[in-house]
K.L.:
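My questions all concern the structure below.
The figures that follow rest on heavy atoms only: side chains count, while hydrogens, waters and symmetry mates do not. Just so it is clear: chains get the letters A, B, ... in the order the sequence lines come, proteins before strands, and each one is counted from 1.
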Amino acid sequence: MKIGTWNVNSLRVRLPHVLRWLETNQPDVLALQETKTEDRDFPVGEFERAGYHAVFAGQPTYNGVALLSREPPEVIATALPDFEDVQKRVLLARYGDLAVLDLYVPNGQSVDSDKYRYKLDWLAQLDLWAAQLLRDFPQLVMLGDFNIAPEDRDVHDPVAWQDQVLVSGPERTAFRRLLDRGLRDSFRLHTDGGGHYSWWDYRAAAFRRNQGLRIDHILLSPALAARSAATVIDREPRGWERPSDHTPVTAELSGL
DNA sequence: ATGGCGCGCGCAGCGCGA
């Protein structure tokens, strides 16, 4: 099976891109972030016509997550447990034995901001939840926009980015804690080198110059990591007209 | 050189993203 993640930076604007990408790539599950769409405006019918079920947790203007799938979903959660938050950043669904957690981790803005503190608190709560989820769901995929470049090889200019938000030590420690729980970064199961990014700034021709960060991730529980056949960053949609600043990442799991 | 682009909201220009 194929399962992907894509921060679309407004589903209203990017719906044609998502439909085109679904048609070409035929994933079994696609997790979206930054839909920026209220639930009553979610384009359910468009995805039904494309052969996909859709579940979503949205709000006006900001944030918003969704899961598209061939199989009908069972929604388990739409928020972090025990964490007061009006921001829609979490969607957990299951498809039979497979559990999929779609995440839009807070950006953090800058390391000296209140939003950074919120990001670290949010990640601490995610870590607690991850321990429970790994017990409850042996077949767990945790994927989305983590807003963390885990290592310097995931950063085009580590010196310029040092100690900046998305790259700072506390954020990387939070990401590392998830791996210490037993989750595996599926991209790194198959590719060691640098220069592979999932986001490029709209400004300064960053995509053309491949000045990006790898911040969109697919984490796999141990049972799924054993089935990981490939993880691919698809740069193509970043080159389309009026693109999202993120591009899709897809994991292939064998025997599911 | 801290801007640079693109989004929502709403009709100007600001907050936000990363």
Side-chain angles (χ1 to χ4, degrees), chain A residues 5-18 31-43 56-66 85-90 102-123 126 143-175 187 194-217 233 235 237-249:
Chain A
T5 178
W6 195 1
N7 179 325
V8 293
N9 186 18
S10 171
L11 185 57
R12 184 193 315 271
V13 174
R14 235 64 72 185
L15 179 60
H17 292 212
V18 176
L32 304 177
Q33 305 88 38
E34 281 206 270
T35 56
K36 299 183 177 178
T37 301
E38 291 181 73
D39 290 349
R40 59 181 165 81
D41 296 329
F42 197 91
F56 34 83
Q59 67 183 92
T61 311
Y62 300 117
N63 309 309
V65 286
D85 195 356
V86 297
Q87 303 188 28
K88 299 299 188 183
R89 300 179 171 278
V90 170
D102 180 11
L103 298 173
Y104 176 43
V105 176
N107 169 283
Q109 196 164 66
S110 66
V111 296
D112 57 0
S113 74
D114 292 343
K115 294 187 178 70
Y116 183 78
R117 186 68 249 167
Y118 162 67
K119 180 180 192 173
L120 295 181
D121 292 344
W122 197 98
L123 287 164
L126 175 64
L143 78 175
D145 178 359
F146 283 73
N147 270 317
I148 301 170
E151 301 177 42
D152 280 355
R153 61 182 165 163
D154 303 311
V155 180
H156 72 92
D157 186 346
V159 173
W161 277 91
Q162 186 166 26
D163 298 328
Q164 301 297 308
V165 72
L166 313 186
V167 167
S168 73
E171 292 166 86
R172 285 180 166 177
T173 297
F175 189 84
F187 184 77
H196 302 283
Y197 311 126
S198 65
W199 169 86
W200 300 261
D201 200 306
Y202 282 119
R203 299 166 292 186
F207 180 60
R208 182 175 56 75
R209 296 151 72 182
N210 197 30
Q211 296 183 344
L213 303 176
R214 193 176 70 89
I215 56 177
D216 299 272
H217 306 299
I233 300 174
R235 296 165 53 100
R238 188 60 177 80
W240 291 347
E241 182 121 8
R242 206 176 181 191
S244 170
D245 45 356
H246 297 251
T247 206
V249 183

K.L.:
Once rounded to the nearest 0.5 Å, what's the spacing between atom CG of N63(A) and atom OG1 of T37(A)?
P.N.:
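Result: 11.5 Å between the selected atoms.
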K.L.:
When you measure from the side chain of R14(A), which nucleotide among dA18(B), dG6(B), dG8(B) comes out closest?
P.N.:
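In terms of side-chain proximity for R14(A), the closest of dA18(B), dG6(B), dG8(B) is dG6(B).
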K.L.:
Side chain of N7(A): nearest nucleotide among dA18(B), dG6(B), dG17(B)?
P.N.:
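In terms of side-chain proximity for N7(A), the closest of dA18(B), dG6(B), dG17(B) is dA18(B).
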K.L.:
Any side-chain heavy atom of H217(A) sitting closer than 4.5 Å to one from F175(A)?
P.N.:
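Answer yes - side chains close enough.
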K.L.:
Expressed as a whole number of Å, how far does the P atom of dG4(B) sit from that of dC9(B)?
P.N.:
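Here dG4(B) and dC9(B) have their P atoms 23 Å from each other.
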K.L.:
Below 4.0 angstrom, N of the basic side chain to O of the carboxylate: do D152(A) and R172(A) qualify?
P.N.:
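Salt bridge between D152(A) and R172(A), a charged N being under 4.0 Å from a carboxylate O: yes.
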K.L.:
Taking atom types as modelled, is there a side-chain donor on N9(A) or Y202(A) under 3.5 Å from an acceptor on the other?
P.N.:
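Note: N9(A) and Y202(A) side chains meet the donor-acceptor criterion.
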K.L.:
Under a 3.5 Å limit for both distances, which nucleotide forms a Watson-Crick or G-U wobble pair with dG6(B), could you say?
P.N.:
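Its partner is dC16(B).
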K.L.:
Rounding to a whole Å, what distance do you find between Q33(A):CD and dC7(B):P?
P.N.:
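To the nearest whole Å, that distance equals 17 Å.
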K.L.:
Mind telling me whether H17(A) and W6(A) have parallel, tilted or perpendicular rings, with 30° and 60° as the class edges?
P.N.:
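Judged by the thresholds at 30° and 60°, the geometry between W6(A) and H17(A) is tilted.
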K.L.:
Using atom CZ of R12(A) as one end and atom P of dG10(B) as the other, report the distance to the nearest whole Å.
P.N.:
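My rounded result for the distance is 12 Å.
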K.L.:
In whole angstrom, give me the gap between the P atoms of dG6(B) and dG10(B).
P.N.:
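Nearest-Å result for dG6(B) against dG10(B) at atom P: 22 Å.
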K.L.:
How long is the line joining CG of D245(A) and P of dC7(B), in whole Å?
P.N.:
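About 9 Å, once rounded to whole Å.
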K.L.:
What nucleotide among dC9(B), dG17(B), dG8(B) has an atom nearest to a side-chain atom of N107(A)?
P.N.:
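Of the options given, the side chain of N107(A) lies nearest dG17(B).
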K.L.:
For DNA chain B, determine which residues of residues 200-213 of chain A have any heavy atom closer than 4.0 angstrom to one of its atoms, and list them numerically.
P.N.:
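Contacting residues: Y202(A), R203(A), A204(A).
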K.L.:
Between dC16(B), dA18(B), dC7(B), which one does the side chain of R242(A) approach most closely?
P.N.:
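The closest nucleotide is dC7(B).
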K.L.:
What distance, rounded to whole Å, do you find between the two P atoms, one in dC14(B) and one in dA1(B)?
P.N.:
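Approximately 25 Å lies between the P atom of dC14(B) and that of dA1(B).
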K.L.:
Between dT2(B) and dA18(B), how far apart are the two C1' atoms, rounded to whole Å?
P.N.:
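Approximately 14 Å lies between the C1' atom of dT2(B) and that of dA18(B).
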K.L.:
Is there side-chain contact between W199(A) and S244(A), with heavy atoms separated by less than 4.5 Å?
P.N.:
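In short, these two side chains do not touch, never coming nearer than 4.5 Å.
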K.L.:
Need one value for Q164(A): base, sugar-phosphate or nothing, where a base atom within 4.0 Å counts as base even if backbone is also close, heavy atoms only.
P.N.:
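Q164(A): no heavy atom of the nucleic acid under 4.0 Å.
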K.L.:
Let me know the distance between CD of Q162(A) and P of dA18(B), rounded to the nearest Å.
P.N.:
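Result: 22 Å.
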K.L.:
Indicate whether the side chain of Y116(A) and that of S168(A) have a donor and an acceptor atom separated by less than 3.5 Å.
P.N.:
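Yes, S168(A) and Y116(A) have a side-chain donor paired with an acceptor closer than 3.5 Å.
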K.L.:
Under 3.5 Å, is there a donor on one side chain and an acceptor on the other for N210(A) and W200(A)?
P.N.:
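N210(A) vs W200(A): donor-acceptor pair found between side chains.
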K.L.:
Decide side-chain hydrogen bond (donor to acceptor under 3.5 Å, both in side chains) for E34(A) and S10(A); before the verdict, give the C-alpha distance in whole Å, the side-chain angles of both, and the deciding distance to 0.1 Å.
P.N.:
CA-CA 6 Å; E34(A) 281 206 270; S10(A) 171; over 6 Å; no
K.L.:
What protein N or O atoms touch nucleotides 11-14 of chain B N or O atoms at under 3.5 angstrom, if any, and at what distances?
P.N.:
none

K.L.:
Out of D145(A), L15(A), V13(A), V18(A), which one pairs with V8(A) under the side-chain contact (heavy atoms from CB on, under 4.5 Å) rule?
P.N.:
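When D145(A), L15(A), V13(A), V18(A) are each tested with V8(A), the side-chain contact (heavy atoms from CB on, under 4.5 Å) holds only for V18(A).
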K.L.:
For K119(A) and dC16(B), give me the distance from atom NZ to atom P, rounded to whole Å.
P.N.:
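Rounded to the whole Å, the gap is 16 Å.
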K.L.:
Quick one: R89(A) CZ to dC16(B) P, roughly how many Å, whole number?
P.N.:
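Between P of dC16(B) and CZ of R89(A): 12 Å.
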K.L.:
Between N9(A) and dG6(B), is there a contact of a side-chain N or O with OP1 or OP2 at under 4.0 Å?
P.N.:
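Checking dG6(B) against N9(A), no side-chain N or O comes under 4.0 Å of OP1 or OP2.
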K.L.:
Side chain of Y62(A) only, heavy atoms from C-beta on: which candidate in dA18(B), dC9(B), dC16(B) is closest?
P.N.:
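Output: dC16(B).
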K.L.:
Over all strands shown, is V165(A) touching base, sugar-phosphate only, or nothing at heavy-atom distances under 4.0 angstrom?
P.N.:
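Nothing, no heavy atom under 4.0 Å.
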K.L.:
If you find the nucleotide of DNA chain B closest to W161(A) and the one closest to E38(A), which residue's nucleotide is nearer the 5' end?
P.N.:
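By nearest-heavy-atom nucleotide position, the 5'-most residue is E38(A).
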K.L.:
Please give, in whole Å, the distance from dC7(B) C1' to E34(A) CD?
P.N.:
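The answer, rounded to whole Å, is 9 Å.
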K.L.:
Which is it for Q211(A) and D201(A) under the side-chain hydrogen bond (donor to acceptor under 3.5 Å, both in side chains) test, yes or no, and what are the steps along the way?
P.N.:
CA-CA 8 Å; Q211(A) 296 183 344; D201(A) 200 306; over 6 Å; no
K.L.:
I'd like the C1' distance from dA12(B) over to dC7(B), given in whole Å.
P.N.:
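Between the two C1' atoms, the distance is 16 Å.
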K.L.:
Among the candidates dA18(B), dG17(B), dC7(B), find the nucleotide nearest to the side-chain atoms of I215(A).
P.N.:
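Among the listed nucleotides, the one closest to the side chain of I215(A) is dA18(B).
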K.L.:
Mind calculating the distance between CD (Q87(A)) and P (dG15(B)) to the nearest angstrom?
P.N.:
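Rounding to the nearest Å, CD of Q87(A) and P of dG15(B) are 17 Å apart.
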K.L.:
When you match Y104(A) and K36(A) each to their closest nucleotide on DNA chain B, which lands nearer the 5' end?
P.N.:
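Of the two residues, K36(A) wins.
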